[in-house]
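Here is the structure we will look at.
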2 protein chains.
Amino acid sequence: MASTVIDLASVRSICQQCGIYNLCMPIGLERGDIDQLDEIIKRRRPIAKGEHLYRAGEDFSSIYALRSGSVKTYLNHVSGVEHVIGFKLPGDLLGLSGISGSHYTNSAIALETSSVCEIPFTQLEDLCQEIHGLQHHIMEIMSREIQEDHEKIAVCHKLPAEARLASILLTLSDRFHHRGYSATEFNLSMSRSDIANMLGLAVETISRLFTHFEEEGLLTADRKHIKLLDIKRLSEIVQTA
Amino acid sequence: MASTVIDLASVRSICQQCGIYNLCMPIGLERGDIDQLDEIIKRRRPIAKGEHLYRAGEDFSSIYALRSGSVKTYLNHVSGVEHVIGFKLPGDLLGLSGISGSHYTNSAIALETSSVCEIPFTQLEDLCQEIHGLQHHIMEIMSREIQEDHEKIAVCHKLPAEARLASILLTLSDRFHHRGYSATEFNLSMSRSDIANMLGLAVETISRLFTHFEEEGLLTADRKHIKLLDIKRLSEIVQTA
DNA sequence: CGCCCTCTTGAATTAAGTCAAATAATGTGG
DNA sequence: CCACATTATTTGACTTAATTCAAGAGGGCG
């Protein structure tokens, strides 16, 4: 029956209809492969702002692909202090650090209403066993995460406060641009204090820096709304640091 | 012929004879699987102190398992400044961040005479396709690296200098212990300035802290030779920070 | 509409950095 | 194997970038 065909087509390949699927999943996959992937992926109800996707210590069983919104990942220091590790944007994968110990090693909290695809990891592994390109892709994604983490380590090691803020703004700009959004105008979903924490600085310092950058004509920052006016000079701040 | 059998046995399964193979390669692998792994691994001549294993930007084709010695990984900032990312010990894998872009993204330099096994990555991927446990193991290793990097990010974000040094000493202690060496007495292969760089501090600060820790009876530091005398209190320094 | 939380701004403090110099270790060529 | 050159480490004095403390302004949410 024709209707059956139509049904199958609409049920399957949700990934292909997803605006960001080429970010989280491999471009090189064949149509049939994507269908297989679709079958193991669970769609989740939207996650409200402030809701946790998972918490450090919980049993690990799935990784998550962020479809929309944004998520903050963080560690809890013994003293109870929170250490922000990063901000995830649509297309990013979450939970990869939990693979090794069967528990999530960080916590992930939505910064705004967000949606994710849950990918049961064991099933994904089995699928990787069948689809060579998928195995490679997962390894690539993990590799990229390692690379990004190294850059974060480098940024926070010696760069002065100015360069750190410039750096995170430029990184976000790149990441938005890569997702098809403006590289110069965007909304921050995270608070000043999240940014401060992530950069190893005090909130007050971030606040002063935004003011200072505005005075210098490098950007405008109206609350969460940021316009980068002089990307070239911002890059110089990072580089000459 | 009996001699052939002996030859085969001695040529193969070098991994199994390697004192650290259970660190870099999966414990769960069957004997035949390890033999397959052995076949793709290239043994390399020893690397002299100060020699590079690879440099950022070079074509990526292999990852390396450190067999002996120690290696420092670092990034070069645009300004030419070096940012130390980490220190690798026997059993650690190097070069994982190069998988995604076909180039190494950091540089690796031997801190002392060291030896590595070179593992051509494409061949390893093919083998992962056949051996499920191996695929899982590689993903676990990458996951652990992500986890460790997150901890480094956290350490350098807000902890005072004291806690940072205590933290790296305890981490090294753990890692030596895990490799069957003493947890309380070891030699640092890296310079004070490497430690400083890795922790985002000045050399002078590290030097002063070692003196201070000695005065407090927390450790003795004779040049590179370290004895941890009060691990409990060192942990407290990290935790109460 | 008002409370709360985030953000901003100012002033004082401090942890860590920089600069400078002495000392100790390491390596090199003769 | 020694003397010298070079590099790494330590220590002290001073400086500074960023923090902390304090207080006010601005938005957003119930």
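Naming convention: chains lettered A, B, ... in sequence-line order (proteins, then strands); numbering from 1 in each chain. Every heavy atom of this structure was used, including side-chain atoms; hydrogens, water molecules and symmetry mates were not.
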Is it the case that [X] and [Y] place a side-chain donor and acceptor less than 3.5 Å from each other?
X	Y	answer
Y104(A)	D59(A)	no
S97(B)	S143(A)	no
H52(A)	R55(A)	yes
Q147(A)	T105(B)	no

Worksheet item: Between S102(A) (side chain) and G98(A) (backbone), is there a donor-acceptor pair under 3.5 Å?
Response: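 Between the backbone of G98(A) and the side chain of S102(A) there is no qualifying donor-acceptor contact (under 3.5 Å).
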For atom [atom1] of [X] and atom [atom2] of [N], their distance in whole Å:
X	N	atom1	atom2	answer
E112(A)	dC29(D)	CD	P	13 Å
H225(A)	dC7(C)	NE2	C1'	18 Å
H157(A)	dA18(D)	NE2	C1'	18 Å
K49(B)	dG27(C)	NZ	C1'	10 Å

Discussion item. Return whichever of L159(A) or R223(A) has its heavy-atom-nearest nucleotide of DNA chain D closer to the 5' end.
Written reply: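 The residue mapped nearer the 5' terminus is L159(A).
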Worksheet item: More 5' along DNA chain D: L201(A) or D222(A), using each one's nearest nucleotide?
Response: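 Comparing both residues, the 5'-ward one is L201(A).
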Item to complete: May I ask you to list the residues of residues 202-220 of chain B, by number, that have any heavy atom positioned under 4.0 Å from an atom of DNA chain C?
Response: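 Nucleic-acid contacts, sorted: A202(B), E204(B), T205(B), R208(B).
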Practice prompt. Strictly below 4.0 Å, heavy-atom distances to any atom of DNA chain C: list the hits from residues 160-171 of chain A, or just say none.
Written response: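 Listed by number, there are none.
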Item to complete: Report yes if the side chains of V116(B) and R67(B) come closer than 4.5 Å at any heavy-atom pair, otherwise no.
Response: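 With C-beta onward as the side chain, the pair stays apart.
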Practice prompt. List the steps, then state whether side-chain hydrogen bond (donor to acceptor under 3.5 Å, both in side chains) holds for D149(B) with H150(A).
Written response: CA-CA 7 Å; D149(B) 289 341; H150(A) 287 177; 3.2 Å; yes
Worksheet item: Can a side chain N or O of K224(A) be found less than 4.0 Å away from OP1 or OP2 on dG27(D)?
Response: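 No, outside the criterion.
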Fill in: Qualifying residues under side-chain hydrogen bond (donor to acceptor under 3.5 Å, both in side chains), relative to N187(B), sequence neighbours excluded
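side-chain hydrogen bond (donor to acceptor under 3.5 Å, both in side chains) check on N187(B) returns H225(B).
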Discussion item. Counting the benzene-type ring for Trp, do Y181(A) and F186(A) have ring centres under 6.0 Å apart?
Written reply: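 No, the ring centres sit 6.0 Å or more apart.
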Practice prompt. Measure from the side-chain heavy atoms of R192(B) and tell me the nearest of dA25(C), dC7(C), dT10(D).
Written response: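 For the R192(B) side chain, the nearest candidate turns out to be dT10(D).
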